[in-house]
Amino acid sequence: MPATERPQEPALVGHVEDEPGLNGHHTSPTLRRDIVVLLRQLGPSSPDRLAARLGASRTGVLQQLRALEAAQLVVRRTERHGVGRPRHLYDVTPEAQSFFPSNYDGLAASLLAAIEAVGGDDLIEEVFAARRRQATGRMRQRLAERLTADAPLADRVRELATIQDELGYLAQIELNTDGTIQLVEHNCAIFQVASENKQACQAELELFGDVLGADVVRVSHIAAGDRCCTYQVVARPD
C-alpha cells in the first residue's frame, strides 16, 4: 500500500555533532542538509556559528540559509545585543522534518502486529481490504480527472504508474511489441510491511485490478527477492 518516507541518514546527525568541521568539502545539497541537521541540534544559530561548526565558508552557509528560508524550511529572526548591528539567527521550521530520521515503516509494521494480536489474520485482512477500498476511490477519482471514460487501457496504466511513482515506487509502464502491457515498480515503498504481511501485496494486486478494470497478474516480486515488482495487465473480455 502507498507510503512515503524520506529518512535522513542517522549517521549524519552524529557526524555533524561529533566533528567541529567538515574540512569545507561540501556540495550544495550536502551543506544544506548539514545546516538543517545542525540547527536542529544547536537551536537558533547565526551564520557565523554554523560556518565555524561545519568548516564551511560564511558566504556558502548564508547562501544555503537563504534558499532554505525561501523554501520555508528555516526561519530567521533578528536579535539585538547592545550597540552595533543586530544579529540574525536561524532555526528550523516544522516543514524541515523530512531531513530527519523517521521510522514510519517500523511503526506500520508494529501497528499491524498489534492488530493481528487483537484479531488475528481475519482482522488484518479486514484492515487491508478497507485500506484498498479507500485507495481505490482516490485513484479512480484521479483517473477520472485526467482521462476520459473511454480512455485506452494503456493510458489508464500509464496514469496509475504516475500515481505509484509519486508515492515512491519508481514505477513505469512498459508497452511490449507483442501488445502486452506491464506496470513495473523498481522500488517497494513499504518493503518492511510487505515482507512481514503477505496481505499488503495481495491488497495492492487487487487494488490495481479494481482501478484499471482489468486482469492484473504479478510476474515478479521484490518481497520474494526479485529486483522489481512487475504486473501484467490484460483487458477483461466485454
Applying the 4.5 Å side-chain criterion to the ILVMFWY set and letting contacts propagate, would [X] and [Y] be lumped into a single cluster?
X	Y	value
Ile163	Val216	yes
Leu42	Ile35	yes
Val75	Leu38	no
Leu170	Ile222	no
Val234	Leu153	no

Looking only at atom types and distance, does a side-chain atom of [X] sit under 3.5 Å from a main-chain N or O of [Y], one as donor and one as acceptor?
X	Y	answer
Arg40	Ala96	no
Ser45	Gly43	yes
Thr136	Arg132	yes
Asn187	Gly168	yes
Ser220	Thr230	yes
Arg218	Cys201	yes

Pairwise distance [atom1]([X]) to [atom2]([Y]) - rounded to 0.5 angstrom:
X	Y	atom1	atom2	answer
Thr30	Leu54	OG1	CG	11.5 Å
Glu125	Asn197	CD	CG	11.0 Å
Glu159	Glu145	CD	CD	9.5 Å
Arg133	Phe128	CZ	CZ	13.5 Å
Leu147	Leu143	CG	CG	5.0 Å
Leu160	Ile173	CG	CD1	9.0 Å

Find out whether [X] and [Y] are in side-chain contact, i.e. whether some heavy atom of one side chain is under 4.5 Å from a heavy atom of the other.
X	Y	result
Glu116	Leu112	no
Glu185	Asp165	no
Thr162	Arg142	yes

Between [X] and [Y], which heavy-atom pair has the shortest distance, and what is it?
X	Y	answer
Arg156	Ala151	NH1-O, 2.9 Å
Val184	Cys228	CG1-SG, 3.9 Å
Gln192	Ala109	NE2-CB, 3.7 Å
Ala108	Val193	CB-CG2, 3.7 Å
Pro44	Arg49	O-NH1, 3.9 Å
Val233	Ala214	CG1-CB, 3.9 Å

Next on the checklist: salt bridge (charged side-chain N to carboxylate O under 4.0 Å, His left out) for Arg158 and Glu174? Distances and angles first, verdict last.
Outcome noted: CA-CA 9 Å; Arg158 185 175 290 105; Glu174 292 185 357; over 6 Å; no
Checklist entry - Would you find more than 12 non-hydrogen atoms of other residues, nucleotides or ligands less than 6.0 Å from Arg227 atom CZ? => result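 No, the 6.0 Å shell around CZ holds no more than 12 heavy atoms from other groups.
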Checklist entry - Do Glu126 and Arg131 meet the salt-bridge criterion of a basic N to acidic O distance under 4.0 Å? => result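 Looking at Arg131 and Glu126, the cut-off is not met.
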Checklist entry - Can you name the residues that form a ring pair (Phe, Tyr, Trp, His ring centres under 6.0 Å) with Tyr90, not counting sequence neighbours? => result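 Scan of Tyr90 (ring pair (Phe, Tyr, Trp, His ring centres under 6.0 Å), adjacent residues dropped) gives none.
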Item to check | ring-ring contact (aromatic ring centres under 6.0 Å, His included) contacts touching residues 214-238 (sequence neighbours left out) | outcome: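 Residue pairs passing ring-ring contact (aromatic ring centres under 6.0 Å, His included), neighbours aside: Phe208-Tyr231.
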Next on the checklist: Looking only at side-chain N and O atoms, does Thr148 offer a donor or acceptor that is under 3.5 Å from a partner on Asp150?
Outcome noted: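 Side chains of Asp150 and Thr148: pair found under 3.5 Å.
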Checklist entry - Do we see a donor-acceptor contact under 3.5 Å between the side chains of His88 and Glu79? => result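 The criterion, which ignores hydrogens and geometry beyond distance, is not satisfied for Glu79 and His88.
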Which donor-acceptor pairs under 3.5 Å do side chains of residues 62-74 form with protein atoms, sequence neighbours excluded?
from  : atom 1 : to    : atom 2 : distance (Å)
Gln64 : OE1    : Arg32 : NE     : 2.6
Gln64 : OE1    : Arg32 : NH2    : 2.8

